[in-house]
Amino acid sequence: MLFLEHKETLTDDDAHIGPAVSGLYTQGEVTKDMKNTITKLSVMLLAATTVLTACGGNNNNNASGGNAAATEAPAGNNSATDAAKKDVSFTIGYASGDPATKKAIADTVKKFMEANPNVTIKDLSETSSAAYLDWLKTKDAVGEFPDLVEMRDTQVFADAGKIVELPADLLDLFESPPQVDGKVWNAPMQVNAPQGIIYSKKAYADAGITELPKTYDEFIAIQEKLKATGISPLVVGGKDIFHMGFWVNKFLIDDVYSKDPDWNSKRTAKTVSFADPAVVQAMTDFKELFKNYVDKGWLSTADNQTASILVSGKAAQLYSGTWMFTQIAEADPGFEFGFYAIPDRQGKVNVIGLPSPAGWSLSVDAAKDADKTAAIKDFIRFFFAPEQYSVYLASINAIPSTKEKVTYETSEQMQVALDLIADTSVTKSLAINNWWGDNLIPPQFRNWYYKLLQDMVVNDADVTEYMKKADTEYDNQVKANSL
Amino acid sequence: MATSIVNTDKSFIAAEKPGKKKKKWQSYALLFILPSFLLYTLFVIVPTAGSVYLSFTSWDGISSDIRYIGFANFVEIFQSPRVQNALKNTLVMTITLVLLENIAAIAMALMVDKVRWFRNLFRSIFYFPTLLSGIVMGFVWAMILNYNFGVFNQILTSVGLGDYIVDWLGNPKYAMLSIILSTVWKGAGYYMIIYLAGLQGIPQELNEAASIDGAGGWQQFRHITFPLLAGSMTVCMVLSMISALKIFDQIAVMTDGGPGFETETLTYIIYKVGFGELRQGFGTALAMVLFLIILIITVIQVKFLQKREVQL
């Protein structure tokens, strides 16, 4: 994080050097030679300091690195009751781009601290324009890697020695959590839920749409009908790069992952290409959809603005996840909306729904402190306790990951999502970056690829040419990671 | 001090001898330099040396595994279309910003120098945007220019120009322009202060004499004011250039380098690859390249502007 600190230093430098030099000129107290020297010096110093310290990095953070897998978490027999007597403090970090999730977790943290007055949890989460991985990486660089962290790039951080295995005594809480390198690193916060179209029932009625689509072509026909009524058919929060993933992965799952779940590992081995017909077809559909049916302001619309655009009637549909149901209902309790998964051209339904290694993880540093670890384990148990967990799940419409049955009153839309998960004819898959093991993509590739696709749409560029760029970048990143 | 006056200092004696070069400083002067030297070494030289090393590694920024990869990062920099695009954007943005900021600053300085009423009020209004941080400014302009909720598009719609509304930050044709204009709005007030100091240093007699000789307002500006602002201009041009080369906050908040990669600059790409894409080694190599570019441009600019000062 030296870069950002450096930016602040430079701003101060500018403010000080400017008037000083100016003063020298107007007061005429120094000779011309000295003036030139001072100007030159200040210019050179500014030039030199502008860049060189930019990415100095923070090696100290890595002093505790090494092999995290080898770092033993303190034994679970350090009783929670002992820890409860001591004042303990730990930090927590999680993805807070979605307001409903942020509120749900913040509420749980607050309730835990009320129930355990000796434990202080410092919430490091910030809502920023940065992607969660960028934010987490930046926190690590400034030495503020959270003690308890919502982990999404589990393999990356496990390999880097930043997180430890989930303590063994917590494993019993969950129904077969996914493993990376044969180990469980996370307490899964929920099971992956399907994404789909959230639509305004009024807009559909106004456009004379009486039936939900059975194929992708019927879905496009619906977009035409909506467009004809003068409404923007789709709102997209493209300002937040993660939001791009909803649509990108819908098409990738339909044309690529539903047919070949090991496509990523084959791409790494260079036996398949982004320029192959299946991917080109997926991205052509993506481009055509965005060109023709997405609200013009999609690149400056943030994810958290999409609900209000939908309920205001400016747009008819939003493609997102179940967590949006609460936001939409809160934005306008009277707004009537439905939810469905978009079928592919053959009428088959493919959705996100496989388990993936993500969830709460303990940092290596936190695991070295027995009291902290005990407090964190208490928090995790509290988080997943049915009475607490059901509130969390209900507020973001998520599917429980625990062995113990957790129930909450589901809405009509959530029932559709649960039916999709239960339906064996529906193919379950994952987003491009949520695979692991041999199917793990270079961690930096996802954001780059989504940006490339934005570029492709706004420049109305040739899909195959852009997919060749994706191949080159993917190979470069694989190579860079292997060096 | 007394000891040096009684000529116990050998350098002083040596300086008295004809033909010998006079020494301008004495040995204890080093003590005064020492604190600055230590701080500068600790906070600039040492990290800089670390950066030089990291630019030859494949460090991802989080792992303790730092591997030397020779010139691979630099080879990639010169082959990457994305870096070339960022370099082009940096140069376009720098040239445009330097010109626009200085033109606006001179215009504002002349205005507040001559205005009779509310002089301090106008100075404050013009200077105020400078006080905002780039992040705050970025958020404000991002809200103003938002396609769906922004004031700017609402004004256009309300005056009957609804057909002309565009996504100012999402359309590649306008995103760069929007960043440049908002940065001029923020930065020009600062340079105005420097130009104002320069204007007030110009002897009034020169303008009076020119006026008596029949010179009009434009002729006075062209032949007296503008040449005598050369010193201020050197400072402002150099500072605005450096500021433009390191522009970051506005881009991060307003466009995140987008749409796609359309508004990425070198400083922004350094951050993105270093922190977002887990390629600290590559990002540091880019930082080294940017340092060289800034150094070369600065040397050329200072040489040119100083030559102009001497000529004038």
Side-chain angles (χ1 to χ4, degrees), chain A residues 2-3 7 10 14 18-19 21-23 25-26 36 39-40 43-44 46-57 62 65-66 129 131 133-134 137-138 140-141 156-157 159-162 239 241 296-301 305 309 314 443-444 447-448 451-452 454-455 458-459 476 480 483, chain B residues 44 47-48 50-51 54 58-59 61-64 67 69 72 76 146-149 167 169-170 172 190 193-194 197-198 200-201 231-232 234-235 238-239 242-243 245-246 248 252-253 256 258-262 270-271 274-280 282-284 287 290-291 294-295 298 302 306:
Chain A
L2 283 173
F3 183 79
K7 289 285 297 177
L10 269 174
D14 289 352
V21 176
S22 171
Y25 274 76
T26 52
N36 287 343
T39 311
K40 234 181 216 172
V43 165
M44 295 304 173
L46 280 170
T49 51
T50 300
V51 186
L52 270 184
T53 55
C55 285
N62 299 300
S129 59
L133 178 62
D134 295 18
K137 169 77 177 46
T138 311
D140 177 45
V156 175
F157 284 87
D159 289 347
K162 292 291 167 190
K239 191 180 179 190
I241 200 71
K296 277 183 188 168
W298 63 280
L299 276 158
S300 61
T301 301
Q305 292 172 332
I309 291 176
K314 281 185 178 174
Q444 63 273 31
N447 289 353
W448 182 91
K451 285 227 155 204
L452 180 82
Q454 287 185 342
D455 212 48
V458 296
N459 290 309
N476 282 344
L483 285 171
Chain B
V44 178
T48 299
S51 294
L54 286 174
S58 63
W59 189 40
I62 52 176
S63 152
S64 56
R67 293 186 200 170
I69 55 166
E76 189 182 336
N146 185 284
Y147 180 80
N148 281 303
F149 305 102
D167 189 358
L169 298 174
Y190 176 69
I193 296 292
I194 299 175
Q200 290 173 353
S232 305
T234 303
V235 176
V238 171
L239 288 177
I242 291 172
S243 170
L245 281 170
K246 68 185 180 63
F248 176 86
V253 175
D256 190 25
F261 308 108
E262 297 288 333
I270 287 169
Y271 168 75
F275 291 94
E277 298 173 13
L278 301 171
R279 301 187 66 191
Q280 200 89 30
F282 185 66
T284 313
L290 180 59
F291 163 72
I294 291 181
L295 193 68
T298 307
V302 169
Q306 283 183 346

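Letters A, B, ... mirror the listed sequences (proteins, then strands); counts begin at 1. It should be emphasised that the depicted structure is a prediction, and the values quoted were computed from it without experimental measurement.
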### Task
Report the C-alpha separation of B:Asn148 and A:Gln305 in whole Å, then their side-chain angles, then the decisive distance to 0.1 Å, and conclude whether the side chain to side chain contact (heavy atoms under 4.5 Å, CB included) test is met.
CA-CA 9 Å; B:Asn148 281 303; A:Gln305 292 172 332; over 6 Å; no
Might you point out which heavy atoms bring [X] and [Y] nearest each other, and give the distance in Å?
| X | Y | answer |
| --- | --- | --- |
| B:Asp167 | A:Trp298 | OD2-N, 4.1 Å |
| A:Val458 | B:Gly170 | CG1-O, 4.0 Å |
| A:Ser300 | B:Asn146 | O-ND2, 3.0 Å |
| B:Pro259 | A:Leu299 | CB-CD1, 3.4 Å |

### Task
Working to the nearest 0.5 Å, report the span between CD1 of A:Ile309 and OH of B:Tyr147.
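If I round to the nearest 0.5 Å, the distance is 10.0 Å.
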### Which atoms of A:Lys314 approach chain B - backbone, side chain, both or neither, heavy atom under 4.5 Å
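Only the side chain of A:Lys314 comes within 4.5 Å of chain B.
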### Message
Any non-hydrogen side-chain atom of B:Leu169 less than 4.5 Å from a side-chain atom of A:Lys239?
### Response
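No - every pair of side-chain heavy atoms lies 4.5 Å or more apart.
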### Task
Name the option with the most non-hydrogen atom pairs under 4.5 Å to chain B; the candidates are A:Thr301, A:Leu452, A:Asn447.
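Ranked by heavy-atom pairs under 4.5 Å with chain B, first place is A:Leu452.
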